[in-house]
Amino acid sequence: LLRPRTFPQNGSFLPGKNALAQLKETGSAFEVEHECLGKCQGLFAPQFYLAPDDPCIQCLECYGMFSPQTFVMHSHRSPDKRTCHWGFESAKWHCYLHINQKYLGTSEERELKHLLEEMKEKFSEK
Ligand SMILES: [Zn+2]
Ligand SMILES: [Zn+2]
């Protein structure tokens with residue numbers, strides 16, 4: 001089984017599953033998902049989102065690290081034929097990225113939605 005290399009350069013991440021565990025241990029990471037051009041779930045680590053292109057979301061399937069904009073283009077499933085994505089633009093990733101459905105209806109939902117909104121506004125031009 002070949003795995004893509006995960007975040008090799010700066011050494012702050014351990015490879016593969018360990019990186020995921022490491023991110024979860026930091027406490028502030030939370031799971032996100034998108035349904036663009038297929039569906040994908042990942043772990044968003046706000047503390048690594050220091051520039052617009054910083055890899056701060058780790059795919060839960062391949063453990064690759066992505067910036068928010070590249071994450072919404074990343075998927076392991078072929079697009080659902082019923083879903084139309086007219087005008088899909090990855091630059092509008094903030095429209096496509098949501099908290100993981102598993103949080104909906106839980107006590108964390110409000111807080112995480114708020115946190116994600118803050119991340120979306122972090123580098124947006126006003
Ligand atoms: Zn979409
Ligand atoms: Zn992946």
Side-chain angles (χ1 to χ4, degrees):
L1 182 67
L2 280 175
R3 287 243 169 81
R5 294 190 63 193
T6 53
F7 209 76
Q9 293 95 358
N10 79 6
S12 63
F13 283 99
L14 299 168
K17 269 186 179 169
N18 292 331
L20 207 64
Q22 189 187 22
L23 287 181
K24 275 182 176 155
E25 267 169 35
T26 65
S28 55
F30 57 97
E31 288 178 33
V32 293
E33 63 183 30
H34 75 75
E35 294 183 7
C36 295
L37 319 169
K39 186 174 181 172
C40 197
Q41 298 185 319
L43 192 69
F44 194 136
Q47 67 270 40
F48 297 118
Y49 188 42
L50 304 173
D53 296 327
D54 274 359
C56 56
I57 301 177
Q58 184 172 38
C59 174
L60 295 182
E61 207 161 324
C62 68
Y63 310 115
M65 293 294 302
F66 302 91
S67 70
Q69 186 167 342
T70 53
F71 181 70
V72 298
M73 293 184 285
H74 175 73
S75 176
H76 296 272
R77 295 177 213 184
S78 49
D80 188 329
K81 288 196 184 85
R82 290 167 302 177
T83 323
C84 284
H85 274 105
W86 293 104
F88 174 78
E89 285 176 59
S90 64
K92 294 179 184 167
W93 64 269
H94 41 271
C95 303
Y96 310 121
L97 194 66
H98 311 282
I99 60 169
N100 191 301
Q101 281 178 14
K102 75 177 185 182
Y103 296 123
L104 302 184
T106 73
S107 55
E108 293 164 293
E109 179 179 351
R110 247 186 87 181
E111 192 188 327
L112 292 177
K113 276 185 172 167
H114 181 71
L115 185 57
L116 185 58
E117 288 312 308
E118 279 183 347
M119 292 304 113
K120 288 174 178 178
E121 284 166 22
K122 197 167 178 181
F123 301 107
S124 68
E125 291 151 42
K126 293 256 162 75

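Atoms within a ligand are numbered from 1 in the order they appear, just like the ligands themselves. For reference, positions follow the sequence shown, starting with 1.
Side chain of N100 to backbone of K102: a donor-acceptor contact under 3.5 angstrom is found. One N or O on the side chain of Y96 and one on the backbone of E89 form a donor-acceptor pair closer than 3.5 Å. Under a 3.5 Å cut-off, the side chain of H74 and the backbone N or O of C40 do not form any donor-acceptor pair.
The ring-ring contact (aromatic ring centres under 6.0 Å, His included) test applied to H94 returns no partner, not counting sequence neighbours. Qualifying side-chain contact (heavy atoms from CB on, under 4.5 Å) partners for E117, counting only residues two or more places apart in sequence or in other chains: K120. In terms of the side-chain contact (heavy atoms from CB on, under 4.5 Å) criterion, D53 has no residue partners (sequence neighbours excluded).
Counting only protein atoms, the N, O or S atoms lying less than 2.8 Å from the Zn ion (ligand 2) are C59 SG, C62 SG, H74 NE2, H76 NE2, ordered by chain and residue number.
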